[in-house]
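Written below as structure tokens is the structure these notes are about.
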Amino acid sequence: MTLKECYAAMGGDYDEVIGRLRSERLVQKFVLKFLDDGSYDLLCRALEEGNREEAFRAAHTIKGVCSNLAFTQLLQFSSQLTELLREDGGDSEQVQALFGQVRESYQRTAQAIRSFREEAET
């Protein structure tokens, strides 16, 4: 799997990130580091504990990383969740429904990156 195929699998914008960072090697470095970021786990814990303030911070961090790396689909959902939590709006059903979309997109993104990493290591 190429880095471009990885982006296609996750619903990202390869051309945008290459335009921003100008180097596939640099993009690869940051894409692989994404798997080590603890923001998603923090988001899961914060929502489970009902800590909206911490959940907001975690969602906002995910949104920022996704924006920088052009993880378009995950950016869309994490941005929506960030805004819902920022306003302390939405009932828990709305938050959980939107978090479900974030979770699906995060898992798709992480799996695409893992597949890319596995093939890059062989």
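- Evaluation of the salt bridge (Lys or Arg N to Asp or Glu O under 4.0 Å) rule for Glu53 yields Arg57 as partners, not counting sequence neighbours.
- Residues in residues 58-71 take part in these salt bridge (charged side-chain N to carboxylate O under 4.0 Å, His left out) pairs, two or more places apart or across chains: Lys63-Glu83.
- From Cys6, atom SG reaches atom CG of Leu32 across 8.0 Å, with rounding to the nearest 0.5 Å.
- The heavy-atom pair separating Gln28 from Leu3 by the smallest distance is N-CD2, 3.9 Å.
- Once rounded to the nearest 0.5 Å, the distance linking CZ of Phe34 with CG of Asn68 reads 12.0 Å.
- Within the 3.5 Å criterion, the main-chain N or O of Leu75 finds a donor-acceptor partner in the side chain of Ser78.
- Counting only distance, with no hydrogens or angles, the side chain of Ser39 and the backbone of Ile62 share no donor-acceptor pair below 3.5 Å.
- With sequence neighbours left out, Phe56 forms a ring pair (Phe, Tyr, Trp, His ring centres under 6.0 Å) with His60.
- Shown here are the side-chain hydrogen bond (donor to acceptor under 3.5 Å, both in side chains) partners of Arg108, two or more places apart in sequence or in another chain: Gln73.
- Across Ala55 and Ala46, no two heavy atoms sit closer than the pair N-CB, 3.4 Å.
- Atoms CG and CD, from Leu81 and Gln94 in turn, are 11.5 Å apart once rounded to the nearest 0.5 Å.
- With rounding to the nearest 0.5 Å, the separation of CG in Asn51 from CG in Leu85 is 10.0 Å.
- Proximity of Leu69 to Tyr7: side-chain heavy atoms (C-beta onward) are separated by under 4.5 Å at one or more points.
- Every residue two or more places apart in sequence or in another chain that forms a ring pair (Phe, Tyr, Trp, His ring centres under 6.0 Å) with Tyr40 is listed here: Tyr106.
- Counting only residues at least two apart or in different chains, side-chain hydrogen bond (donor to acceptor under 3.5 Å, both in side chains) contacts with residues 8-18 comprise Tyr14-Glu24, Glu16-Arg20.
- Going from atom OG of Ser23 over to atom CZ of Phe30 covers 10.0 Å, rounded to the nearest 0.5 Å.
- Here Ser115 pairs with Gln111 under the side-chain hydrogen bond (donor to acceptor under 3.5 Å, both in side chains) rule; sequence neighbours left out.
- For the atom pair Ser79 OG and Leu98 CG, the distance stands at 9.5 Å (nearest 0.5 Å).
- Note on residues 94-107: no pairs pass salt bridge (charged side-chain N to carboxylate O under 4.0 Å, His left out), not counting sequence neighbours.
- When side chains are defined from C-beta on, Phe71 does not count as touching Val17, because their heavy atoms never get closer than 4.5 Å.
- For residues 29-51, the set of pairs meeting the salt bridge (charged side-chain N to carboxylate O under 4.0 Å, His left out) definition, not counting sequence neighbours, is empty.
- Partners of Thr2 according to the side chain to side chain contact (heavy atoms under 4.5 Å, CB included) rule, which considers only residues two or more places apart in sequence or in another chain, are Lys4, Glu5.
- By the side chain to side chain contact (heavy atoms under 4.5 Å, CB included) test, Ala58 pairs with Leu42, Leu43, sequence neighbours left out.
- Residues Arg117 and Leu35 meet the side-chain proximity criterion, which asks for heavy atoms closer than 4.5 Å.
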